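Everything below concerns the one structure shown next.
Only heavy atoms go into these numbers, but all of them, side chains included; no hydrogens, no water, no symmetry mates. Everything numeric here is computed off the predicted structure, so don't read it as measured data. Counting convention: from 1, in listed order, for ligands and their atoms alike. Along the sequence shown, residues carry numbers from 1.
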Amino acid sequence: MHYHTLLFDVDDTLLDFKAAEDQALKRLFHDMGVPLTPAIKQAYQTMNQNFWREYELGQLTRQELLDTRFHKFFSQYDKVVDGPAVEECYRKYLNEGHDLYEDSLAVIKQLALDYDLYVVTNGVGVTQRQRLRESGLAPYFKAIFISEELGVNKPMKEFFTKVFAAIPNFSKNETVIIGDSLTSDIKGGINAGIDTIWLNPQQAPATEINPTYQIQHLAQLPKLLSQTV
Ligand SMILES: [Mg+2]
């Protein structure tokens with residue numbers, strides 16, 4: 001067993017963000033009187049992903065993103081809305097979504113016996129802490145590192161510098177990050193000089209961002225980790 005410290009992404013790695021987002025959007029759009037058709041939902045998700053990409057690139061602050069995304073989105077439907085107020089409502093609904101992937105809790109419970117587990121997530125502190133608590137995952141992690149609270153986000157090197165500084169007896173050689181996103185988790189791990197495990201359920205093709213290992217399902221993780229030397 002080579003690694004001692006495991007850094008876990010949350011959304012679409014341990015928790016099903018799409019399920020949480022789906023139920024929150026459904027409730028929000030119902031409140032707004034806009035029917036959430038598949039086309040409208042797709043349009044929202046495309047716009048939202050572009051916003052988060054700009055955030056990852058440091059072109060937009062998290063606050064700017066949250067304050068403006070619904071105002072911009074609903075203006076396309078001739079609705080003038082108070083961006084921050086709608087965001088607050090959406091956030092409340094989103095906080096209530098904590099659908100675990102089938103294997104998450106069992107895998108995390110098992111790994112917590114042999115490794116030190118930490119959460120590394122881009123997101124809003126209150127949201128992520130509530131979802132981790134209500135999903136039952138929180139007790140298995142030694143600490144939860146959230147971009148909002150650190151003031152920097154994955155994949156920035158500074159995010160990882162802060163995380164490493166906060167972990168007792170930290171060693172880069174004995175640390176690996178596990179996540180579904182090449183652009184934030186894997187690129188971030190590479191930038192920070194640690195090994196990376198890409199959770200790639202759809203078996204997406206390789207890119208220029210090269211993870212150390214790849215798995216298709218979280219359930220493959222304990223065996224992979226036990227085999228690393
Ligand atoms: Mg993720």
Side-chain angles (χ1 to χ4, degrees), residues 6-25 44-46 48-58 60 62 65-66 69 91 94-95 97-105 107-108 111 117-135 137-138 140-141 143-150 152-157 159-160 163 175-192 194-207 209-221 224:
L6 310 183
L7 309 181
F8 277 93
D9 172 52
V10 174
D11 284 311
D12 293 333
T13 296
L14 300 174
L15 295 182
D16 186 345
F17 182 74
K18 285 178 194 74
E21 189 184 40
D22 276 356
Q23 61 85 23
L25 286 176
Y44 169 77
Q45 282 169 338
T46 301
N48 191 44
Q49 279 160 12
N50 288 338
F51 273 158
W52 282 107
R53 192 56 48 86
E54 286 176 31
Y55 169 68
E56 281 177 10
L57 293 170
L60 192 69
R62 194 191 59 86
L65 187 159
L66 299 183
R69 62 176 170 182
R91 181 70 37 195
L94 192 63
N95 291 357
H98 53 263
D99 299 61
L100 282 157
Y101 285 121
E102 200 185 339
D103 299 320
S104 300
L105 194 55
V107 168
I108 290 298
L111 292 175
L117 312 188
Y118 295 88
V119 161
V120 287
T121 175
N122 280 350
V124 177
V126 173
T127 299
Q128 298 304 61
R129 287 181 189 280
Q130 181 175 338
R131 294 170 70 229
L132 286 164
R133 197 169 57 242
E134 289 177 357
S135 65
L137 288 169
Y140 301 98
F141 291 92
I144 293 169
F145 298 106
I146 304 174
S147 61
E148 181 195 33
E149 296 169 359
L150 296 184
V152 270
N153 52 280
K154 297 179 289 182
M156 290 177 181
K157 200 174 173 189
F159 176 92
F160 291 90
V163 167
T175 301
V176 62
I177 182 170
I178 300 105
D180 70 293
S181 167
L182 280 177
T183 53
S184 74
D185 305 315
I186 306 308
K187 193 172 176 201
I190 293 168
N191 287 346
I194 57 171
D195 282 353
T196 58
I197 299 175
W198 183 29
L199 175 63
N200 180 11
Q202 312 298 337
Q203 295 293 282
T207 70
I209 302 170
N210 264 319
T212 316
Y213 303 101
Q214 267 194 54
I215 51 174
Q216 192 173 4
H217 304 290
L218 209 60
Q220 296 168 311
L221 190 56
L224 170 68

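Side-chain contact of Glu21 with Gln45: a donor-acceptor pair under 3.5 Å is present, judged by distance alone.
Residue contacts to the Mg ion (ligand 1): Asp9 brings an N, O or S atom closer than 2.8 Å. Residue Asp11: an N/O/S atom is found under 2.8 Å from the Mg ion (ligand 1).
In Gln202, the CD atom is not crowded: 12 or fewer heavy atoms of neighbouring residues, nucleotides or ligands sit closer than 6.0 Å. Crowding of Glu102 atom CD: a count of heavy atoms from other residues, nucleotides or ligands under 6.0 Å not exceeding 12.
Of all heavy-atom pairs spanning Leu6 and Leu111, the tightest one is CD1-CD1, 4.0 Å.
When distances from the Mg ion (ligand 1) to the N, O or S atoms of Asp180 are compared, OD1 comes out shortest.
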